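Counting starts at 1 for both ligands and their atoms, in listed order. Position 1 is the first residue of the sequence, and the numbers go up from there. Source: prediction; values computed, not measured.
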Amino acid sequence: MSDHELRVSKIRNGTVIDHIRAGQALNVLAILGIDGTDGEAVSVGMNVPSDRMGQKDIVKVEGKELSQNEVDVLSLIAPDASINIIREYEVAEKHRLVRPEEVVGILSCPNSNCITTKDEPVESKFEVLADGVRCEYCDTIIRTDLAAHISVK
Ligand code: CTP
Ligand code: ZN
C-alpha cells in the first residue's frame with residue numbers, strides 16, 4: 001500500500017476491525033461502548049477505498065480487547081469484518097467473524113414488558129435466526145436494523 005492510500009495510521013497495541021460494511025463504523029463503536037470518554041486512541045475510517053469491497057469502514061482502537069459478547073453482536077452487524085489483534089505494530093492474530101447461535105447483552109429487547117427491560121438483573125439473550133434475532137425470554141423478533149437496538153452502555 002502506498003503512502004497515498006494510507007488514511008488511518010498504524011497502531012502499536014490494540015484491535016483493528018477491518019472490512020466493516022461501509023456506513024456501519026459508528027454502530028461498531030456503539031457495540032464496543034466506545035464514545036471517546038475513556039481516553040483510548042480511536043481512529044475511524046469511513047467509506048475508504050477497498051479492493052475487495054469497493055468501499056469499507058475501518059475502526060482502530062488502542063489497548064482494547066474485545067469480549068466474546070461484543071464479537072458476537074459485531075458479527076451480526078458487520079458480517080464481513082476481520083478482527084486484527086496488534087502487538088508491537090505487528091498483526092499478532094487475525095479472526096474472521098463467525099455468526100453466533102445466540103447473543104448475550106449488548107442488544108436490548110424492544111418489548112417494554114420483557115423481563116430483560118425491567119429493573120431486574122437479567123441480561124438480554126437473543127437466538128440468532130437466518131433473518132433476525134429472537135428474544136429468548138419473550139419471543140419478540142427483531143428482523144431489521146439491529147443497530148437501532150444496541151443498548152448504550
Ligand atoms: N494495522 C494497523 N496497525 C498495525 C498493523 C496493521 O492499523 N500496526 C491494520 C492495517 O492497516 C490493516 C489491518 O490492520 O487495515 C490488517 O493488517 P494486515 O493484515 O497487515 O493487512 P491486510 O493484509 O491488508 O489484511 P487483510 O488480508 O485482512 O485484508
Ligand atoms: Zn424480550
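A salt bridge links E70 to K64: one of the charged nitrogens lies within less than 4.0 Å of a carboxylate oxygen. Checked for salt-bridge contact, R12 and E88 meet the test: a charged N lies under 4.0 Å from a carboxylate O. A salt bridge is absent between D57 and R21: the closest approach of a Lys/Arg side-chain nitrogen to an acidic carboxylate oxygen does not fall below 4.0 angstrom.
Counting atoms of ligand 1 from 1 in the listed order, those under 4.0 Å from a heavy atom of H19 are 26 (P), 28 (O), 29 (O). Residue N84 approaches ligand 1 through these ligand atoms, each under 4.0 Å from one of its heavy atoms: 13 (C), 16 (C). In the vicinity of D18, heavy-atom distances shorter than 4.0 Å reach the ligand 1 atoms 12 (C), 13 (C), 15 (O). Residue-ligand proximity, V91 to ligand 1, at heavy-atom distances under 4.0 Å covers atoms 6 (C), 17 (O), 18 (P), 19 (O), 20 (O). Near Y89, the atoms of ligand 1 lying under 4.0 angstrom from a non-hydrogen atom of the residue are 4 (C), 5 (C), 8 (N). Against a heavy-atom cut-off of under 4.0 Å, I11 is close to the following atoms of ligand 1: 2 (C), 3 (N), 4 (C), 7 (O), 8 (N).
N69 and S67 form no side-chain donor-acceptor contact under 3.5 Å, judged by distance and modelled atom types alone.
The residue among V16, I17, I58 with a heavy atom at the shortest distance from atom 1 (N) of ligand 1 is V16. Scanning K56, E88, K94, E62 for the heavy atom closest to atom 19 (O) of ligand 1 points to K94.
Just one of H95, K60, K94, E90 meets the side-chain contact (heavy atoms from CB on, under 4.5 Å) condition when paired with N84; it is K94.
For K60, every heavy-atom contact with ligand 1 shorter than 4.0 Å involves the side chain, none the backbone.
Residue contact annotation: R12 has no non-hydrogen atom under 4.0 Å from ligand 1.
Rounding to 10 degrees, one finds that the Zn ion (ligand 2) sits at the corner of an angle of 110° between C109 SG and C114 SG.
Looking only at distances, no side-chain donor or acceptor of T116 sits under 3.5 Å from a matching main-chain atom of E123.
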